[in-house]
Protein chains: 2
Amino acid sequence: MRNRLEEIRKERGIKQEELAAALEVSRQTIGSLENGRYNPSILLAFKIARYFGMKIEDIFIYEEEQG
Amino acid sequence: MRNRLEEIRKERGIKQEELAAALEVSRQTIGSLENGRYNPSILLAFKIARYFGMKIEDIFIYEEEQG
DNA sequence: CTTCCATGTAAAGTATGCTTTCCATTCTTA
DNA sequence: TAAGAATGGAAAGCATACTTTACATGGAAG
């Protein structure tokens with residue numbers, strides 16, 4: 001799965017730390033999502049989508065996973 | 001978070017076991033989701049949505065969580 | 001060049017998602 | 001009523017999400 005988090009965050013001129021605070025997660029969590037180290041839980045995905053006023057599918061792009 | 005999984009599955013006349021097989025998860029996972037014991041990962045949420053030809057938001061309903 | 005700010009990333013620990021195995025309950029249907 | 005099919009749910013174990021702490025890197029600005 002890939003995501004457009006960094007792109008969308010930068011469009012809005014927001015720092016990782018600000019986004020993290022707004023979502024009540026750590027800065028490292030945001031960085032890890034942006035750099036693809038892991039996927040968000042569905043709850044965090046909902047929080048992110050709601051924060052940006054978008055749908056989950058507009059931010060997180062499901063592609064056939066390996067396996 | 002609540003979900004309409006059981007409702008949608010029954011509308012289509014599918015058994016938990018059939019859905020589980022199609023999604024490549026265990027039957028217990030489907031049962032646990034339907035009965036709210038836990039939330040799906042975002043990958044599983046995507047698989048479910050795609051299987052039913054719906055959006056994640058049409059199946060999983062985010063409500064302010066306690067905490 | 002130095003300093004500050006934003007980001008990258010790692011390690012160890014906790015919480016949650018998912019599996020396998022197992023047994024109980026409910027519904028159908030013969 | 002008996003038997004099989006579908007579902008509920010617990011327990012233990014493994015995988016992954018997320019936290020806190022800590023340190024490194026890169027860019028901007030003095």
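This one's a predicted model, so the numbers in the text were calculated from it and none came from an experiment. In what follows, chains carry the letters A, B, and so on, assigned in the order in which the sequence lines appear, proteins first and then strands, with residues in each chain numbered from 1.
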Peer 1: For the side chain of B/R27 and the backbone of B/A20, is there at least one donor-acceptor N/O pair under 3.5 Å apart?
Peer 2: no

Peer 1: Write down the distance between CD (B/Q16) and C1' (D/dG9), rounded to a whole number of angstrom.
Peer 2: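 In whole Å, D/dG9 C1' lies 11 Å from B/Q16 CD.
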
Peer 1: Mind calculating the distance between CG (B/L19) and P (D/dA6) to the nearest angstrom?
Peer 2: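 Computing the B/L19:CG to D/dA6:P distance gives 14 Å.
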
Peer 1: Calculate the interatomic distance between A/N35 atom CG and D/dC18 atom P; express it in whole Å.
Peer 2: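 Between P of D/dC18 and CG of A/N35: 15 Å.
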
Peer 1: Please report, rounded to the nearest Å, how far the P atom of C/dT7 is from the CD atom of A/E7.
Peer 2: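 Checked: the CD to P distance equals 16 Å.
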
Peer 1: Rounded to the Å, how far apart are A/E34 CD and D/dA17 C1'?
Peer 2: 16 Å

Peer 1: Measure CD/A/E6 against C1'/C/dT9 and give the value in whole Å, please.
Peer 2: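 Distance check: A/E6 CD to C/dT9 C1' gives 15 Å.
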
Peer 1: Provide the closest heavy-atom pair for A/I14 versus A/L19 in the form atom of the first, atom of the second, distance.
Peer 2: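 Smallest heavy-atom distance, with atoms named: CG2-N, 3.8 Å.
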
Peer 1: In this structure, how many angstroms lie between the P atom of D/dT16 and the CE atom of A/M1, rounded?
Peer 2: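 In whole Å, D/dT16 P and A/M1 CE are 14 Å from each other.
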
Peer 1: What are the two closest heavy atoms between A/L33 and A/N39, and how far apart are they?
Peer 2: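 That would be CD2-C, 3.7 Å.
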
Peer 1: Could you report the tightest heavy-atom contact between A/P40 and A/M1, atom names first, then the distance?
Peer 2: CD-CE, 4.2 Å

Peer 1: Cut-off 3.5 Å, no hydrogens considered: what does the side-chain donor-acceptor table look like for residues 51-62 of chain B, sequence neighbours left out?
Peer 2:
residue: B/E57; atom: OE2; partner: A/I56; partner atom: N; Å: 2.8
residue: B/D58; atom: OD2; partner: B/K55; partner atom: N; Å: 3.3

Peer 1: Expressed as a whole number of angstroms, how long is the span from A/R12:CZ to C/dA6:C1'?
Peer 2: 20 Å

Peer 1: Reading nucleotides 11-25 of chain C 5' to 3', which nucleotides get B (base under 4.0 Å from a protein heavy atom), which S (sugar-phosphate only), which -?
Peer 2: ------SBBBBB---

Peer 1: Tell me, please, which residues at least two apart from B/R2 pass side chain to side chain donor-acceptor pair (under 3.5 Å).
Peer 2: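 With neighbours one apart ignored, the set is B/E63.
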
